[in-house]
Amino acid sequence: MAADQVSMGTRATGAVRTAVGSVVSPTSERQREIRRIVALCLPFSVLLVFSGVFPLTEMFRISFSESRLVTEGFTLEYYRTMVNDPYYRNIAFNTLWFAAATTVASISIAVPVAHALEKYALPAKSVILTILSFPNSLPGIVAAFMIIILFGNTGVFTNLLAFLSGQSRIDVAISTGVLGLFFAYLYSMIPRALLLLRGTYSEINTDAEEAARVLGATPLQTFRYVTLPQIKPGLIGAFILVFRTGLAIFGTVLILKGLLVWTLQIDRELAQGFNIAQASAMATIWFVFVFGFTVFALRYTSAEVSI
Amino acid sequence: MTERFQRGSLSARFGRPVVKLVLVLTLVFLAFPVVMTFVSSFASDWFGVFPSGFVTIQNWEDVIVGTGVGADVAVGSSLAYSTGLALGGVVINLIVGVPIAYAVARYDFWGRDWVNVFAILPLAPGIILGVAFLRTYPDLSTSGIALIIGYSLLKAPYMVMAVQSSFQSMDLQQIEESARSLGASWPRTFLTVIVPNARTGIIAGSIISWTLAAAEFNFSYIVYSRGTPPLAIFLFNNITNASFLNAAAAVSVFFLLIALVTVSLQIVGNRGTIRRV
């Protein structure tokens, strides 16, 4: 029995040693290729470990810590707080419905826009494309500022609305409300959704659409029964990625403060008394949820992620 | 025939105009505030519907020279600091991104799809990574090193995607085998044949990941503690603390930066990548 275990142990070490040995000093062309692949992936793995995996593990560890500033002991206190305290449950609920609603809204807008870009002859198309992709390189705080310009107390739309309704400008300004935040989310999410959907749209088989039209289908029927099934994998992929984007938004909320979402509460835990353990626990929940959600969605839906 | 065409269905008559309307509204929604910001940064006040008191460069002067009030700093030092940090991130991205993009594009191996997913999907967003860094590398946060390695991980996907799109348009196997059969070793083939051929993607990827690193707010906000603020923090301070029109000028400086980057990407000629930014 003991001898068996020993021999199994030596065999396992032996296997590892052979694998490492073949990478270090390969003897066949296949082994050389494996060595190249390992060498090519190595720098990225090092970065991933040092600036991704290791910090996230440390974050995970302190979220169970009994002491506030150093990792010590083991407690589920911070997780219990999040489950039992209605305050946190409420934030989680806010975050999820808001991200879902903005995702649905931005994709419903991005589909017709991508459709128009792909199918219609548009004037100054390169200008249109530049305008539509420009916000992708803006940070969330700038998106928030754009909303203040439109819907703030002196915003352009606020003025228009005040003029039309006869109310004071302060009463019709929505930038710091939930609706203002909704538009701010859309400002960053529409261009992102569009980016993903344009890739999907460019791969559509247009012959089938033409055939449907010739056979007498209306444009709506053609879209519903011919185009939509073709873009479905891309559409699901866009839902997943845009939803992730929506959950990660922080700078925008920090400025507009329309709704208390998970990321904003993480910042508040740090800003009010530097409660890093609670913040880490919240960040861990966020990470596990989004990671699990992405893996699950990519594995069990027909989603196609082509960035 | 004409009669049937006129009768048409609802979607035949209204479909196209409605879709076009959505397009126009989206364009207005996205572009109008940008234009207003830029225009108002030259105004001296904005009390009515539109800004008034043109043309003044006072706001730009406050941003570029600094007002000297409190801890206010000029945009120059923030811009220079962020430029340096983002460049550091780009250097790391080049070292880690080009090889892995080549591995995925050229070779077929077990787990390739998952390697690809990890290389293209950001592992964690700025704020989560920021909390993790705060805990793990508390001493580095004041020196900027934490910002550099954080930026490089956050923006690596953009480098990988840009380089990959270059690799995909090349017949990698043929190029590699030609070089090898002419006597070049594999490392030499990679460095002197493959990489130079993918320069368009590499340059485009560098520009994109540089811009996004310079614009990264969420991560910088959590990790930054003191010293010169990175550009995104500078923008944040202006938006929250400065007068409205000063903030407009600060945001306009940022717009100019992005415009410059867009133009340079067009010169590089990687139009496909611009839309991916």
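Bear in mind that the values here come from a model prediction, so they are computed numbers and not experimental data. Convention: sequence-line order gives letters A, B, ...; per-chain numbering from 1.
- Interface remark: B:Ala101 contributes no atoms to any contact with chain A (heavy atom separation under 4.5 Å).
- Using the six-membered ring where Trp is involved, A:Phe250 and B:Tyr221 have ring planes that are tilted, between 30° and 60° apart.
- Looking at A:Phe183, the atoms closer than 4.5 Å to chain B (heavy atoms on both sides) sit in the backbone and in the side chain alike.
- Using a 4.5 Å heavy-atom threshold, the side chains of A:Trp286 and B:Ile127 count as separate.
- Note: B:Leu27 leads B:Val98, B:Leu27, B:Val160, B:Ile149 in heavy-atom pairs under 4.5 Å with chain A.
- Using a 4.5 Å cut-off between heavy atoms, A:Phe60 does not touch chain B at all.
- Both the backbone and the side chain of B:Ile128 come within contact range of chain A, with heavy atoms under 4.5 Å apart.
- Only the side chain of A:Leu270 comes within less than 4.5 Å of a heavy atom in chain B; its backbone stays farther off.
- There is no contact between A:Leu42 and chain B, counting heavy-atom distances below 4.5 Å.
- Residue contact with chain A, scored on non-hydrogen atoms closer than 4.5 Å, involves the side chain of B:Leu129 exclusively.
- Residue B:Phe109 qualifies as enclosed at atom CZ: its count of foreign heavy atoms under 6.0 Å is above 12.
- Ranked by heavy-atom pairs shorter than 4.5 Å toward chain B, the options A:Ile109, A:Asp267, A:Ile190 are led by A:Asp267.
- Only the side chain of B:Val251 comes within contact range of chain A, with heavy atoms under 4.5 Å apart.
- Looking at B:Ile92, the atoms closer than 4.5 Å to chain A (heavy atoms on both sides) all sit in the side chain, from C-beta outward.
- Contact annotation for A:Arg61: neither backbone nor side-chain heavy atoms come within less than 4.5 Å of a heavy atom of chain B.
- Looking at heavy atoms from C-beta onward, B:Phe236 lies out of side-chain contact with A:Pro139 at the 4.5 angstrom threshold.
- With a 6.0 Å cutoff to the six-membered ring centre and a 45° limit on the axis angle, B:Arg16 counts as a cation-pi contact of A:Tyr120.
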Working for ring pair (Phe, Tyr, Trp, His ring centres under 6.0 Å), residues A:Phe145 and B:Phe244
CA-CA 10 Å; A:Phe145 190 74; B:Phe244 190 71; 5.5 Å; yes
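- Side-chain contact between B:Ile100 and A:Pro43 is absent, with no heavy-atom pair separated by less than 4.5 Å.
- Using a 4.5 Å heavy-atom threshold, the side chains of A:Leu40 and B:Tyr107 count as touching.
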